[in-house]
Amino acid sequence: MGTKPKLALDEAPLDPQTIDCFLSNLGPDMILVGG
């Protein structure tokens, strides 16, 4: 049995294509924290 994240009413999850685009455009001097 898993858990399901809860988002605020004014938030929406990002689709995989948007996440991929965002991560692909990060520069070499950027650090991703969390995930």
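Quantities reported herein were computed from a predicted structural model and do not represent experimental measurements.
Residues satisfying the side-chain contact (heavy atoms from CB on, under 4.5 Å) test with L7, not counting sequence neighbours, are E11, P13. Under the rule for a side-chain contact (heavy atoms from CB on, under 4.5 Å), A12 has no partner lying at least two apart in sequence or in another chain.
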Tabulate below the donor-acceptor pairs under 3.5 Å that side-chain atoms of residues 18-32 make, not counting sequence neighbours, or state none.
unit_1	atom_1	unit_2	atom_2	d
T18	OG1	D15	OD1	3.2
T18	OG1	D15	OD2	2.9
S24	OG	D20	O	2.8
N25	ND2	C21	O	2.7

